[in-house]
Amino acid sequence: MPVVATPTVAKNNDMVSLDNYFSESWSTIDGLPHNTINAIAQTPDGYLWFATWEGVARFNGRRFDIFERNAQTGLPDSGIRTLNVSENGDLFVAGSRGGIARVRGYQWQSYPPLGVLINKAIVDSQQRLWLATEGEGVIMQLPDGSRRQFTEDDGLPANAVHSLFEDSQGQIWVGTMAGLALIDTQLALSQQFTEQLSLPVFALAATNDQQLLIGTERGLYQLSEQQQLVRLLADVPVATLLPEASGVLWIGTVDRGLLRLFSDKVEQLSIEQGLPNNRVLALFRDKERSLWVGTNGGIFRLRDAPFTTYTSEQGLADNYVRTVLSDQVDCVYVGSSQGLDQICDGSIRNIDLSSHAAGQSVLSLAQGQQQSLWIGTYTDGLLHYANGEVVAHYRTEDGLAANEVRAILPMPDGSVLVGTSQGLTLIDQGQLTTPIAAGTLPSPFIMALHLTGDGRVFIGSGAGVSIWHNNQLRQLDFSVLDQAEYAFGFLEDTEAGILWMTTDRGLVAFDLASEQLALVGRAHGMPFDKLFQLVIDKQQHFWISTNRGVLRIGRQQALDVVYGRRDQVNYELFGESDGMASSQANGGSSPAASLHSDGSVWVATSVGASKVQPTRLTSFSAIIPPVVLEKLVADGKEYAPEHRIELAAGTSRIELEYAGLGYIMPQRIRYRTMLEGFEQDWTLRGNQPNVQYTNLLPGQYRFNVAASYPDGGWSPAATVSFSIAPHLWQRPLFQLLVVLALAVLIISAVRWRLGSLKRSELKLKLQVAEKTAELAALARLDSLTGLANRRAFDEAMQHELKRAKRQQEPLCLALLDIDHFKKVNDNWSHTVGDEVLKRVAAVLQKHCRDIDSLARWGGEEFVILLPDTPVALAEEVCDRLRQQVASADYSDIVADLTITLSIGLAILDDKDDGKQLLIDADRALYQAKNHGRNAVITNDNNNDD
């Protein structure tokens, strides 16, 4: 987890502070193979490399990739002791058993091992590789692979060598276990300063003006222009050195952590301040100016961050900060659960309130007249502080509504309106009154107060917002704003004529002229519901504190949402990785955030007071992270994306992984991609570090990816070309042959067809006739049940009517309806209903007489014509059908399903026609339904006479 680095300052208190640095650390928990970091390097592509005893780790800001002893690296052992990047960008890796490898892009080239531990490797200006070994002296390897060795026999102080350095003249300085040596440009070796430096020399470097720095077991020395040794630090075991152009010298020690030396002043970081381990073996400054520290306990990184956080380690009374207030001149007041602090130019002064506030728990602050300060406490009421002392103290016994004071509003006439947990109190010339009865407020729990220019007082509480004006109180209707309730803070945007309100459902805009309300909330892209305090910076951005970090959105975007000109806002979220000790900001008291006179934004959090200078964000955005393609995976097979890749025919799934190699804000790096041959323009990918393509056509493709920080420029694109081979049938020659073969086949087929047309003409006519007959038959059938349809039934009915009247025979008609069929559809679906209709139709068809005409009438209704059938016999037939349907088994459709029929029966009268017969049957069916269903009812029109 990130920690805010707090330095241990020497006793004279005049040393440079590291307070403005933000620190983070990584260990094996985060993916390192080993916690001892022996060396650090950065290759031109932007990758950071860390040498450990279990391999070298390549870091892209999000993930460590481990390279150890295997066929790819060719190393004889996984223990890596040293890293060096040559002028041409090659990375040299060396370590245990004398293993040496060169990394160029994605390729590893190994060299014959030396068989002894290599402590240091450097490539000099002549591209010679120098190797410091643990017991075999110094070995120089030429570009052609030949080697030359320097040992004690050649005058080396000791064969155990720990450090190497090439000076501006091309000479090689050698630090051994027994002193210092020099190999000049003619390869002549000589011992140096044998009397003063007959001890282990662990580190060599040069200052900005090319003066040699020598780190030894017992101190740090500098070689002056007069070739005299000057001791800079005594009795400090120096392990590694990093001089910088600014004159700052970073010193990694064997057992005392990290030192910074500047202008004869020393500052220390050790385990007590968050360093993983006090043994520092490697130091490196990356391209983004972050300082990387390799220790025995993992990686430690110091970097500049957007936010700076003041905590109790810097001198705050307490870390739990509830309110921050700028005096709009030089200082910021910080109220916490243990007291009040004043921060001026980075210096913290505690204001002792113990004589009036036993707990010194400060909830709220407000600037009074003549730079006085009003202080609201948690349990001790309201204090008035001026000229370095408390000049007034108000509590419940003095008339204050409650001793828990969460909001303070100084009025233009000198009075003060106080918001407490139990209502409002007005203090005017030392007199306390209750301007609004607590019972008339929607909630007496007051968290925010604001006065507009026209005299309206806005009261934020746990039940929304009230307006008090001309002694009248009214409540704003928040019910239309996603049921917002809590109002935590106010900020008046005078230019827009809007009062912004931070609530538990987002940002509410109140038009001060029209009194219209609008919400900028989740529906518009805000990530959280609960917002505490809003600040508008000088660059016209909103800074909003929340429980999960600080949001930044464009003011104009919010206004555009309010006025319906856009649907979504874009936001940035800042938290621990940006310098905050805790992303949990505090709310419920005011002000919970404040804009200072220098343009910085201060935020109250659960771990300290955090500040951000918005103008500095442009410097972060100005950094453009390089982007690399890490791998291409085609149908599960991985390829290194460095050369043209040829993929097999039928490749259906291609995934490309990439990384923006930025380490300041890696989680905020954005990407855009374009696949030439498939896409015409760039596609924004947000923070997505990979993209997939499926079912691409055979052909040539070129993939491009670029990266940027928010509001920053895009990096040059990383590219990879690949091709997908066509199948045999997708090749042009094959397709041409197919076309020719088809042409020959078509010509032959046409000739055969012309010859057979006459022979098949009669057969075709017969087939047409048969199909026509089949279609005619199908046109008379119901497609679901297979019964005759209404058209066929109408034809049969006309035939039977004529026959019955001609032969004076009785003719009956029955309408059948499935009882409660709608419940079947509603309870089990229309599919089940269709199955029931088919089953009932099958039962009716099976038990109908051969002379009867059965048809589906429509929906769940059926109709039967019973020719030459008296009423009594027709009733028997219908009742038998009713019983058969009721007793049928439907359990295969729905368990325990029972189906019954209601039947209406009518007989043809001499005066009747088919229409009247149907009307009579329908009337009888209606009676059957009304008499309990599952019955046969006969229409008695024939008995009316």
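- The minimum heavy-atom distance between I122 and K120, with the atom names listed, is CG2-CE, 4.1 Å.
- Residues R552 and L617 form a side-chain contact, since some pair of their non-hydrogen atoms from C-beta on lies under 4.5 Å apart.
- Contact of the W500 side chain with the F542 side chain is registered, since non-hydrogen atoms from C-beta on lie closer than 4.5 Å.
- With sequence neighbours excluded, the residues that form a salt bridge (Lys or Arg N to Asp or Glu O under 4.0 Å) with E630 are R63.
- Between Y701 and F678, the distance separating the two ring centers is not shorter than 6.0 angstrom.
- A donor-acceptor pair under 3.5 Å is formed between the side chain of E288 and the backbone N or O of Y663.
- Checked against the 6.0 Å centroid criterion, the rings of W543 and F574 qualify as a close aromatic pair.
- The salt bridge (Lys or Arg N to Asp or Glu O under 4.0 Å) search around E68 returns none, not counting sequence neighbours.
- The side-chain heavy atoms of T673 and F703, taken from C-beta on, include a pair separated by under 4.5 Å.
- Between W602 and F307, the gap from one ring centroid to the other reaches at least 6.0 Å.
- Ring geometry, W49 versus W108: the interplanar angle exceeds 60°, so the pair is classed perpendicular (tilted spans 30 to 60°).
- One side chain, R670 or S708, offers a donor N or O that lies under 3.5 Å from an acceptor on the other.
- Ring centers of W292 and F50: under 6.0 Å apart, within the cut-off.
- In this structure, the side chains of D90 and V103 stay at 4.5 Å or more apart for every pair of heavy atoms.
- With no hydrogens or angles considered, a side-chain donor-acceptor pair links N88 and S86 at under 3.5 Å.
- Between R555 and D493, at least one side-chain N (NZ, or NE/NH1/NH2) sits under 4.0 Å from a carboxylate O, which counts as a salt bridge.
- T719 and N704 share no donor-acceptor pair across their side chains, judged by distance under 3.5 Å alone.
- Judged by the 6.0 Å distance and 45° axis criteria, R303 is not positioned over the aromatic ring of F22.
- For the pair M526 and V520, the minimum side-chain heavy-atom distance is below 4.5 Å.
- If you check the side chains of Q210 and D167, you find no donor sitting under 3.5 Å from an acceptor.
- Checked for salt-bridge contact, E679 and R702 miss the test: no charged N lies under 4.0 Å from a carboxylate O.
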